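To keep things clear, I will list the structure first and then write my remarks on it.
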There are 2 protein chains.
Amino acid sequence: MHSFTEENYLKAIYKLQETNGEVVATSALAQVMGVHAPSVTDMLKRMAGKKLVTYQKSKGFKLTEKGKQVAVGIIRNHRLWEVFLVDKLGYKWDEVHDLAEQLEHIHSEDLTNKLDKFLGFPKADPHGDPIPDANGVLPKSKAVLLSSLKVGEQGTFTGVTDHTPAFLNYLDKAGISLGNTLKVKAIEEFDQTYTIQLNDKKGAVISHKVANSLLVNK
Amino acid sequence: MHSFTEENYLKAIYKLQETNGEVVATSALAQVMGVHAPSVTDMLKRMAGKKLVTYQKSKGFKLTEKGKQVAVGIIRNHRLWEVFLVDKLGYKWDEVHDLAEQLEHIHSEDLTNKLDKFLGFPKADPHGDPIPDANGVLPKSKAVLLSSLKVGEQGTFTGVTDHTPAFLNYLDKAGISLGNTLKVKAIEEFDQTYTIQLNDKKGAVISHKVANSLLVNK
DNA sequence: TACAATGATTAGACTAATCTAATTATATTT
DNA sequence: AAATATAATTAGATTAGTCTAATCATTGTA
Ligand SMILES: [Mn+2]
Ligand SMILES: [Mn+2]
Ligand SMILES: [Mn+2]
Ligand SMILES: [Mn+2]
């Protein structure tokens, strides 16, 4: 089918489009793929030939519908395997990403669907990221950053925007887990430090940097 | 670490050494790898450079201890994933080989060991093939071919030497499953057709070709 | 609008893994 | 032992994915 390399490019383009807008620059892609710009130009020309992306010299590129389907399929695999690793094998949420990077490239729609069923059709991965369904439909999330809440507002912690083990470990240490309810008690004016109340009991003080990496459903 | 291609060569060499003796010929390996002879010569020279095989021009080659360790590791992965697919995801034993060919190349000893634990440390895969332990020790099997049994002898069906879906499907249809006890009731002198009794009740008539692909523990 | 800075592409080269065609080495017959 | 058949290697080419150095294109500022 497609090579691992192609699949990784598609996934990277998809994510860049999600956050940085429709058109993706060579340099941005080179950066996230960890290669130099000419490699991207070469690769994208090949992929344009396969109708996975549209490409106009020096203008950037976008995924075609076909390219988007492949990308979403890989993301579905990735997130389902992460659930498997955490729920079934006992991995912690900060340990699974690199393994899922390998497992996501196993080529079998049937396997993906059987895995989905085995896991009980989870809606989100261990980091709260939504899992596309078998038709490639990715539920639109209405979560917002904790840093957008005002004093007195509350919500449920449903995801992170920073997926690094360092940050995930910090959350473990601070006793903040997916599903916790939290309420903003105070925001320090000087440096936007948040004082929150977790699960209607424990209190916690977190920096703006942290509040800016936590997603909550109001 | 090692490329998928290298790992597949190592596995193929290992299996050829198991059945055809210590020294492996270029042509034999080309055949099982589905490539032409010069590709094998090239590849083996590269692999000799990495101390995975020993190679003497025009004399054939063997695995080094290091090469053997890698090969056994891949076989361990392959068989554990096959158990996972059958026991946990509900695949049938004739459907899992090609998926396991992909999954066996996931690089993580820790994952392999966690999977092993999750599966309850199985001793054999769905086809009865023994699973090497975490130290790479592969239990020596003392199973013999059913075709080596005499009239009146009995045993337990513990494995196959033909792993093709066609053969496995035939066994399903004939009601012959791993773990069944079987007793030789008669052997037709003309064509070595076996009449056997399964699990002390059902009888079955099987060709010599079939008896020659079934492994039993006496 | 021209010029400099930044970003993208082309040119040319490399490695892994493969191929076909030609050559050389080993094994088998006479 | 020489002739022949078979097996293996070398030579030269190809494709995917990458690189560095050189060139070209775009953008934003003077
Ligand atoms: Mn991940
Ligand atoms: Mn995730
Ligand atoms: Mn198999
Ligand atoms: Mn098997």
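Since the model is a prediction, treat every value here as computed from it, not as a measurement. Every chain is numbered from 1 and lettered A, B, ... according to where its sequence line falls, protein lines coming before strand lines.
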In whole angstroms, how far is the [atom2] atom of [N] from the [atom1] atom of [X]?
X: M47(B); N: dA16(C); atom1: CE; atom2: P; result: 13 Å
X: D42(A); N: dA13(C); atom1: CG; atom2: C1'; result: 12 Å
X: E7(A); N: dA16(D); atom1: CD; atom2: C1'; result: 15 Å
X: L10(B); N: dA17(C); atom1: CG; atom2: C1'; result: 15 Å

Examine [N]: is either OP1 or OP2 under 4.0 Å from a nitrogen or oxygen in the side chain of [X]? Give yes or no.
X: K57(A); N: dT10(C); result: yes
X: Y55(A); N: dA8(C); result: no
X: R46(A); N: dA16(D); result: no
X: S58(B); N: dA25(C); result: no

Between H78(A) and D125(A), does any side-chain donor sit less than 3.5 Å from a side-chain acceptor?
->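 Short answer, no.
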Tell me yes or no: between the side chains of T156(A) and N217(A), is some donor less than 3.5 Å from an acceptor?
->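 Distance-only check fails for T156(A) and N217(A).
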Toward the 5' end of DNA chain D, which comes first, S3(A) or F61(B), by nearest nucleotide?
->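 Nearest nucleotide further toward 5': that of F61(B).
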Name the residue closer to the 5' end of DNA chain D, choosing between K59(A) and Y9(A) according to the nucleotide with the nearest heavy atom.
->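 The residue closer to the strand's 5' end, by nearest nucleotide, is Y9(A).
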Return the residues of residues 24-39 of chain A meeting this criterion: a heavy atom under 4.0 Å from some atom of DNA chain C. Order them by number, or give none.
->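 The answer is A25(A), T26(A), S27(A), A37(A), P38(A).
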What residues form a ring pair (Phe, Tyr, Trp, His ring centres under 6.0 Å) with F61(B), not counting sequence neighbours?
->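 F61(B): no ring pair (Phe, Tyr, Trp, His ring centres under 6.0 Å) contacts found.
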